[in-house]
Each structure stands twice: as C-alpha cells, then as structure tokens.
Amino acid sequence: MIWEPELLDDQAHLVAADPSGMLPAVASAAAQVRTGRRLAAEAGVGVVATEGRPRAIVTLGMGVSGVSGEILRAICGNGAPIPVTTASGHRLPGWIGANDLVFAVSASGATEETLGLAWEAARRGCRLVGVGRPGSPLQALCTQRGASFVPVDAAQGHARAALWALTVPLIVAASSLGLADVPEPVYESTATLLEDLAHRCRPSSDTFINPGKTLAMELAESVPMVWGSSALPIVAAHRLVHQLNENAKYPAIFGELPEAAHNQVAAFDGPLAERDIFADTQGRQLRLFVLRDTDEDERETRTRGTTVRLAETRDVRVSELMAEGRHPLERLATLIGLADFASVYLALGYGIDPTPVSAVRELKARIAR
Ligand SMILES: O=P(O)(O)OC[C@H]1O[C@](O)(CO)[C@@H](O)[C@@H]1O
C-alpha cells in the first residue's frame, strides 16, 4: 500500500474508496449528539435518578463502546462524588454489586464480552441500563430484567460510526443524577461546533486548508505516538489510536501525560527517532501527536511544553492538536471529531476502505469456533 497524498483531493476517489460511507458517518457526529439526546429522553434514562445516587457507575463496553465509558468519566470529572469507571473483558470486578449502576454499551448489542458482563451485573442485582442495537441480545437482556434500554442504530452496525449516539445517553443519565454538569444548551452548542468542524473537514475542501486532511498528511508514513496531555485529551488520544487501527489499519502508540514522560519519552533517543539527513527517502519515523486542552493547570502546561521542546531538540517531529469550545463536552467532541476525520482520510490516502476490519472479524470467528 502506497501513500498517495493527491488522492485526498480526488473527489471521485473519496467516494469510490469509501463504499460504506465512513466519511459521511464521521460527518454525522453533530446529528448523533442530537439523536442521542432525543433517544435518551424517549427511553427515559432519567429514571435512574428516582432510585437515588448509586455507590458507583460502571460502563461496560469493548473497543469504541469502551471509549463511551471513558468519555463519561472525563465529563463527570475528577470532582465526581462517586467513582465513575469502566470494565471490559471476561470478568466483572468482584466489588461491583447491587448498589452500583451499570451501563452496558454495545453497538451490535451482541459483543460476547459485554453481554457476559451485563448478565453477570444483572445476576448480582446491579441497576442496569443498556445502549445498543434494537432487537439485539442486549435489548433482550434489558427487557427480561426490566432495565432501561436506549435503541441506537449505528450506521453499518459499526460502533465507531456511532460514538456520540452511544455516549450521549450515558451523559444524560449521569446528569440526571447530578454527576455530570451538562446544561441542556450544551448538547446543541456541541453539535454546532461539530457541524462547523465537519464543514472545515469536508471532502471538497483542499488539503492545505482542511484540518482533517492536514492531520492525515502528518500521520502518514510516521510511527505515531499519540499522547493526551490532560484528562479530556487523554480520552481523545485513545479514540484517535482506535480509529487509526480500525479505519486506517494503522498502528499507533497511545500515551498519557505525565505517565508517558516517565517511559515513552525515552524513545526520543531510540532507533525510530533517528533521521538520516543524507538519505534520499526517510523510513517510517517516530512522530509525536500531542492532544491538548484549552483548560490546563500549571503543572500540565509545564509537563506538556517541556516534553514537546525535548522532542523538538531531538529532531522528533511534533503535531499539537488543540481542543475548541468552552464546555468539557465541546472540547472533547472537537478533538475527537478532528481525530475521526484524520483517520478516515489516512485510510483513503492509502487507498484503504475504512469500514471493514477483516482481521478483527476473522479473529472473532476463530475464537467463537
Ligand atoms: O459496540 P460493539 O458492537 O459491542 O463492538 C465493540 C467493538 O468491537 C468491534 O466491533 C470489533 O470487534 C469494534 O469495532 C468495536 O469497537
């Protein structure tokens, strides 16, 4: 597969190479915020508040659906009066019990691990809310246990094309419990910012003024280290890594500051950071992508700034991505929106169809045998 940057401005290619419409799905983020808000109201997720505040909130989900739980935790923030956490894999942590509220998120409503944990949570008497495909096994479980269920029809059934529709219902439920401070107009202002971003990143906008295509250009042919420099950007960095993996079939190294400054930073002196100034063509090299928030405390600013300067003095290229907006939901959504566009453009610049993930499918089928 060869990186062909000119493909990014070839309108016919952008349509033909994306037959399942991942690019339009990414551009639908604003609509998803509005849909998620409406679906949450229709499903009555606010009912969780009538039973009082739980001991903890735990979101179950794999891959993208797991990111929904990370977003919820970041939006509830460090000051949340109860633990807001996530669980995935095959075993539900032993401490989770009847006093806890469990969100099970699965676009397909059929992911083995998520369903298994949701059944276990129900068995332990946890309060349960499901979010996912209508008519799925997850909905059947919620119906059987008398739990709320938010039906979300993901485009093409892919969780990554429905992040906001899957996540907003969790935020609405947490707000009704007083755990997330998201006033009603914030959903609309977030959607408006996402629309504006989608306009700037639209396929017909040329690479040199299109932030999504520009970021794809920076990612291409690099070995990306993707770091978040504080709580919200850490979630967006994780999302970018997932999207690079699934959309562009591209590897990426996730890191979070300040932790990455204690280990990953050593790679600035390693073999992938070396640049041969006499070589005709450079091999794939380390490049640092730092996702950052407009709201940082002094220590975060110092760590980020110093780390970036260190990379630059080692000749490691650095791209900084800045959140937009005021409210945490706006800031997180704009960072994620840009990451999503870039991952799809990266796929299309390599001539890769962003939608299918055949290796993941094959692995799932083999495990299920
Ligand atoms: O939301 P679901 O359907 O449970 O899927 C979870 C994850 O599994 C995958 O479908 C791949 O197996 C990912 O795309 C997704 O992030």
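These figures come from a predicted structure and were not determined experimentally. Every number for a ligand or one of its atoms is a count from 1 in the order of the listing.
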T114 N/O to ligand 1 N/O under 3.5 Å: no
Close-contact set for ligand 1 against M62 heavy atoms, below 4.0 Å: 6 (C), 7 (C), 16 (O)
Short side-chain to backbone donor-acceptor contact, K213 and P203, under 3.5 Å: yes
Sub-4.0 Å atoms of ligand 1 with respect to non-hydrogen atoms of A159: 1 (O)
ILVMFWY network linking L72 to L232, side-chain heavy atoms under 4.5 angstrom: yes
Common cluster, V45/I75, ILVMFWY with side-chain heavy-atom separation under 4.5 Å: yes
Heavy-atom proximity to atom 3 (O) of ligand 1, best of G66, S108, S88: S108
Sub-4.0 Å atoms of ligand 1 with respect to non-hydrogen atoms of V360: 11 (C), 12 (O)
Compile the donor-acceptor pairs under 3.5 Å between side chains in residues 233-243 and protein atoms, sequence neighbours left out, one pair per line.
{"from": "H238", "atom 1": "ND1", "to": "E70", "atom 2": "OE1", "distance (Å)": "2.9"}
{"from": "H238", "atom 1": "ND1", "to": "E70", "atom 2": "OE2", "distance (Å)": "2.9"}
{"from": "R239", "atom 1": "NE", "to": "D340", "atom 2": "OD1", "distance (Å)": "3.0"}
{"from": "R239", "atom 1": "NH2", "to": "R160", "atom 2": "O", "distance (Å)": "3.0"}
{"from": "R239", "atom 1": "NH2", "to": "D340", "atom 2": "OD1", "distance (Å)": "3.4"}
{"from": "R239", "atom 1": "NH2", "to": "D340", "atom 2": "OD2", "distance (Å)": "2.9"}
{"from": "Q243", "atom 1": "NE2", "to": "D340", "atom 2": "OD1", "distance (Å)": "3.1"}

Residue portion contacting ligand 1 (non-hydrogen atoms closer than 4.0 Å) for R361: neither
Numbering as shown, the atoms of ligand 1 that approach G63 to under 4.0 Å (heavy-atom distance): 16 (O)
Please list every donor-acceptor pair under 3.5 Å in which a side-chain atom of residues 111-123 meets a protein atom from a residue at least two apart or in another chain.
{"from": "T111", "atom 1": "OG1", "to": "S108", "atom 2": "OG", "distance (Å)": "3.4"}
{"from": "E120", "atom 1": "OE1", "to": "R123", "atom 2": "NE", "distance (Å)": "3.0"}
{"from": "E120", "atom 1": "OE1", "to": "R123", "atom 2": "NH2", "distance (Å)": "3.4"}
{"from": "E120", "atom 1": "OE2", "to": "R123", "atom 2": "NH2", "distance (Å)": "2.8"}
{"from": "E120", "atom 1": "OE2", "to": "R124", "atom 2": "NE", "distance (Å)": "2.8"}
{"from": "E120", "atom 1": "OE2", "to": "R124", "atom 2": "NH2", "distance (Å)": "3.2"}

hydrophobic_cluster_shared for V102 and L179, side chain cutoff 4.5 Å: no
Cationic tip of R314 above F268 ring, under 6.0 Å, 45° of axis: no
Heavy-atom nearest neighbour of atom 9 (C) of ligand 1 within options H242, R160, K364: K364
A107-ligand 1 polar pair, N/O distance under 3.5 Å: yes
S65: numbered ligand 1 atoms lying under 4.0 Å from its heavy atoms: 1 (O), 2 (P)
